[in-house]
*Asks:* 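Can you read through this structure? Questions will come right after.
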Amino acid sequence: MFSSFFAPSARRRGATRTAAAALVSGLVAVGVLTGAGTAAADTAETTQNQGGATATIGGLKTYGAAVIHEATGDQQVSAGLFEMSVDGGGTLQTYCVDLHNPTQRDAKYHETAWSGTSLGANRNAGKIRWILQNSYPQVNDLATLAAKAGVKGGLTEQDAAAGTQVAIWRYSDGADVDAVDPQAERLAAYLEKSAVNLSEPQASLRLDPPAVSGHPGELLGPVTVHTNAAGVAVTPPADAATSGVRIVGKDGKPVTSAVNGSQLFFDVPEDADGGSAAITVQASTTVPVGRAFTSETRSQTQILAGSSESTVSAPASATWAKQGAIPALSAVKDCAKGGLDLAAANQGDEAFTFELMGTEYTIPAGESRTVTIPLQEDQAYDFTIKGPGGLAKRFSGTLDCLTQGNESGDATQVLSEPSPATVGGGTADDTNLAATGGSSTTPLIAGVAIAFVLIGGAALVLVGKKNAPTQE
């Protein structure tokens with residue numbers, strides 16, 4: 001069974017317009033997905049976190065002022081380095097690559113591949129990485145940095161942070177933006193002119209694939225470890241003592257640690273009933289400069305500028321059954337395709353068939369397919385794939401791939417300290433200004449949006465093929 005709800009909306013950056021969009025488009029569509037054969041019971045909520053660091057944003061720590069030139073007028077915002085606290089220990093420094101989206105205080109962020117952000121379709125993303133590697137804080141000798149940039153009188157940390165952020169915005173958002181301080185602006189101009197494209201950095205830690213399946217008595221996998229850490233700790237399934245499931249290497253011997261390139265397998269007892277298990281691998285390492293960080297709360301996308309030794313982790317799961325279709329399911333956002341890539345691998349002995357948004361898909365036994373679920377920009381999604389035998393995987397999030405504002409002229413919003421001021425004689429009363437961590441109406445808007453999503457859910461139900469079995 002496949003059930004889903006989608007809450008589509010046009011791009012809306014202003015708080016009031018966001019609420020209005022929710023009133024108009026709080027429509028929920030419910031579909032059906034069914035799988036043939038039997039599968040193991042496996043109920044879990046699956047986010048699109050592919051592993052790495054998870055952190056909470058704390059706010060701007062080192063910054064100066066910048067002016068954004070827009071058709072509606074000039075706006076002054078704070079520009080510089082954010083600081084994040086890593087779950088499990090560690091600190092990250094980041095710059096913004098999503099100028100026209102507000103930053104929510106204390107938002108939770110996950111390390112993310114560029115393909116899941118606006119950087120994935122940005123031909124200048126590699127230039128942003130060059131800027132990060134050749135400016136502050138990676139280059140903390142400010143005298144040398146000033147000399148390279150031709151900045152007379154030197155640079156303060158605030159100048160260096162502001163100039164670096166301005167140069168990044170010119171490539172991440174195509175923004176017409178200048179640093180207020182002349183030294184910072186000179187640095188921004190130097191970085192923008194000198195930047196060359198570099199490749200995307202690898203994840204600090206990920207497992208590939210994040211989901212596997214098969215029959216009891218087999219080694220389910222492999223799951224390959226990819227990391228820049230010297231080694232990772234492998235945490236066995238929570239119920240390993242009772243289920244008998246072991247995590248082993250390709251030689252069949254139990255493992256509790258691994259290194260980059262290691263292959264892990266789920267060793268399931270031959271007499272085991274259908275079931276599932278999950279593991280987590282964890283390490284302490286520095287996160288590579290240039291890694292993207294996104295939040296499911298739609299707080300503005302960040303890019304890593306510096307990292308202390310930090311805790312990183314990655315999950316993987318296995319599903320098994322004695323017969324029938326045995327799907328392994330995972331998903332990642334794909335901004336180039338404008339949707340969510342749902343990967344389904346079937347290691348069972350029967351085909352896994354499902355209907356998705358009016359289209360029927362079949363995964364033959366022993367094969368895999370990737371289905372792209374098309375989504376609108378800013379569209380929230382929450383769907384559960386259910387198969388026979390109690391299989392249930394839930395995927396939820398919001399597609400946030402664009403950085404530019406919409407045609408309605410919504411204001412740029414940036415977490416800023418101190419409070420922003422207008423440029424060119426305007427006042428806070430007559431101009432939409434950069435907000436300090438978003439609007440105070442945000443909780444109300446969220447509540448209104450959720451309420452209308454629920455109302456929409458009661459209004460429309462789209463059912464798949466009538467002869468498809470429905471499982472609750």
*Asks:* Do side-chain atoms of Glu111 reach the backbone of Ala53 as a donor and acceptor pair under 3.5 angstrom?
*Replies:*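 Side chain of Glu111 to backbone of Ala53, a donor-acceptor pair under 3.5 Å: yes, one is there.
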*Asks:* When you compare the side chain of Ile279 with that of Leu264, does any pair of heavy atoms fall below 4.5 Å?
*Replies:*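 A side-chain contact under 4.5 Å exists here.
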*Asks:* Is the backbone of Gly58 close enough, under 3.5 Å, to the side chain of Asp106 for a donor and an acceptor to pair up by distance?
*Replies:*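 Checked: no pair found.
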*Asks:* May I ask you to test the Met84-Thr91 pair for a side-chain heavy-atom distance under 4.5 Å?
*Replies:*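 A side-chain contact under 4.5 Å is absent here.
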*Asks:* Please tell me whether Asp334 and Ser115 have a donor and an acceptor in their side chains that are separated by less than 3.5 angstrom.
*Replies:*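 There is no such pair (donor and acceptor under 3.5 Å, judged by atom type) between the side chains of Asp334 and Ser115.
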*Asks:* Check for a donor-acceptor pair, side chain of Ser308 on one end and backbone N or O of Ser310 on the other, with a separation under 3.5 Å.
*Replies:*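 Absent.
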*Asks:* Apply side chain to side chain contact (heavy atoms under 4.5 Å, CB included) to the pair Ile303 and Leu119, showing each step before the final yes or no.
*Replies:* CA-CA 10 Å; Ile303 193 166; Leu119 297 172; 3.9 Å; yes
*Asks:* So which heavy atom on Phe266 is nearest to which on Ala316, and how close?
*Replies:*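 Result for this residue pair: CZ-O, 4.0 Å.
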*Asks:* Taking Thr311 for the side chain and Gly88 for the main chain, is one N or O donor matched with an acceptor at less than 3.5 Å?
*Replies:*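 A pair under 3.5 Å: yes.
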*Asks:* Taking distance alone, no hydrogens or angles, what donor-acceptor pairs closer than 3.5 Å link side-chain atoms of residues 253-262 to residues at least two apart or in another chain?
*Replies:*
| residue | atom | partner | partner atom | Å |
| --- | --- | --- | --- | --- |
| Asn260 | OD1 | Thr227 | N | 3.0 |
| Ser262 | OG | Val259 | N | 3.0 |
| Ser262 | OG | Val259 | O | 3.0 |

*Asks:* Does the Trp320 side chain pair with the main chain of Ala277, one donor and one acceptor, at a distance under 3.5 Å?
*Replies:*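 A pair under 3.5 Å: no.
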*Asks:* Ignoring hydrogens and geometry beyond distance, is a side-chain donor-acceptor pair present between Ser85 and Thr56 at under 3.5 Å?
*Replies:*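 Short answer, no.
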*Asks:* Minimum heavy-atom separation for Tyr95 and Gly80, please, with both atom names.
*Replies:*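 Heavy atoms only, the tightest pair is CD2-O, 3.4 Å.
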*Asks:* Could you grab the distance from atom SG of Cys335 to atom CG of Asp400, nearest 0.5 Å is fine?
*Replies:*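 If I round to the nearest 0.5 Å, the distance is 7.5 Å.
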*Asks:* Please check: side-chain N/O of Gln138 versus main-chain N/O of Ala305, any donor-acceptor pairing under 3.5 Å?
*Replies:*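 Yes.
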*Asks:* Between Ser299 and Ser295 (side chain of the first, backbone of the second, donor and acceptor by atom type, cut-off under 3.5 Å), is there such a pair?
*Replies:*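 Not at all, since once roles are kept as given, no pair shorter than 3.5 Å links the two residues.
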*Asks:* Regarding Thr54 and Asp87, do their side chains bring together a donor and an acceptor under 3.5 Å, going by distance alone?
*Replies:*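 Result is no, nothing qualifies.
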*Asks:* Is Thr286 close to Glu309 at the side-chain level, that is, under 4.5 Å between some pair of heavy atoms?
*Replies:*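 The answer is yes; the side chains approach within 4.5 Å.
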*Asks:* Do the side chain of Thr94 and the main chain of Gln302 share a donor and acceptor less than 3.5 angstrom apart?
*Replies:*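 Not a single qualifying donor-acceptor pair exists.
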*Asks:* Can we say Glu296 and Lys333 salt-bridge, meaning some charged N sits less than 4.0 Å from an Asp/Glu carboxylate O?
*Replies:*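 Result for this pair is yes, salt bridge flagged.
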*Asks:* Please lay out, stage by stage, how Asn228 and Ser204 fare under the test side-chain hydrogen bond (donor to acceptor under 3.5 Å, both in side chains).
*Replies:* CA-CA 6 Å; Asn228 66 342; Ser204 61; 5.3 Å; no
*Asks:* Is the shortest side-chain heavy-atom distance between Cys401 and Ser118 below 4.5 Å?
*Replies:*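 Result no, sub-4.5 Å side-chain heavy-atom pair not found.
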*Asks:* With rounding to the nearest 0.5 angstrom, report the CD1 to CG distance, Ile373 to Leu399.
*Replies:*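 Answer for the CD1-CG pair, Ile373 versus Leu399, is 11.0 Å.
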*Asks:* From Gln379 CD over to Leu340 CG, what is the distance, rounded to the nearest 0.5 angstrom?
*Replies:*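 Output value for this atom pair is 11.0 Å.
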*Asks:* Shortest non-hydrogen contact from Val212 to Gly221?
*Replies:*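 Minimum heavy-atom separation between Val212 and Gly221: CG1-CA, 4.0 Å.
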*Asks:* Roughly how far apart are Asp208 CG and Thr224 OG1, rounded to 0.5 Å?
*Replies:*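 Reported to 0.5 Å precision, the distance equals 6.0 Å.
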*Asks:* Could you check Arg170 against Val177 for side chain to side chain contact (heavy atoms under 4.5 Å, CB included), going step by step and ending with a plain yes or no?
*Replies:* CA-CA 7 Å; Arg170 291 172 182 173; Val177 57; 4.0 Å; yes
*Asks:* Arg129 side chain to Ser199 main-chain N or O, any donor-acceptor pair under 3.5 Å?
*Replies:*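 Answer holds: yes.
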*Asks:* May I have the step-by-step check of side chain to side chain contact (heavy atoms under 4.5 Å, CB included) for Phe293 and Arg291, ending in yes or no?
*Replies:* CA-CA 7 Å; Phe293 280 80; Arg291 290 295 291 171; 4.3 Å; yes
*Asks:* Is the closest side-chain heavy-atom distance between Phe82 and Thr103 below 4.5 Å?
*Replies:*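 Phe82 reaches Thr103 side chain to side chain.
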*Asks:* Mind checking whether Leu92 and Val287 have side chains closer than 4.5 Å, heavy atoms only?
*Replies:*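 Leu92 reaches Val287 side chain to side chain.
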*Asks:* Which heavy-atom pair separates Pro209 from Pro222 by the least distance, and what is that distance?
*Replies:*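 The answer is CD-O, 3.4 Å.
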*Asks:* Between Val223 and Phe265, is any pair of side-chain heavy atoms under 4.5 Å apart?
*Replies:*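 No, their side chains stay 4.5 Å or more apart.
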*Asks:* Which residues pass the side-chain hydrogen bond (donor to acceptor under 3.5 Å, both in side chains) test with Glu218, sequence neighbours left out?
*Replies:*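 Checked Glu218 against side-chain hydrogen bond (donor to acceptor under 3.5 Å, both in side chains); matches are His215.
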*Asks:* Does Asp239 reach the side chain of Ser243, with side-chain heavy atoms less than 4.5 Å apart?
*Replies:*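 When only atoms from C-beta onward are counted, Ser243 and Asp239 do touch, with a gap below 4.5 Å.
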*Asks:* Can you see which heavy atom on Gly290 is nearest to which on Trp114, and at what distance?
*Replies:*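 Heavy-atom minimum between the residues: O-NE1, 2.9 Å.
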*Asks:* Once you round to the nearest 0.5 Å, how far does OH of Tyr109 lie from CD of Gln104?
*Replies:*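 It comes to 8.0 Å.
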*Asks:* May I ask you to decide if Gln300's main-chain N or O and Asp98's side chain share a donor-acceptor pair within less than 3.5 Å?
*Replies:*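 Between the backbone of Gln300 and the side chain of Asp98 there is no qualifying donor-acceptor contact (under 3.5 Å).
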*Asks:* Calculate, to the nearest 0.5 Å, the distance between atoms CG and CG belonging to Leu402 and Asn122 respectively.
*Replies:*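 If I round to the nearest 0.5 Å, the distance is 11.5 Å.
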*Asks:* With side chain to side chain contact (heavy atoms under 4.5 Å, CB included) as the criterion, how do Ile168 and Val97 come out once you've worked through the C-alpha distance, each side chain's angles and the decisive distance to 0.1 Å?
*Replies:* CA-CA 7 Å; Ile168 290 172; Val97 288; 3.8 Å; yes
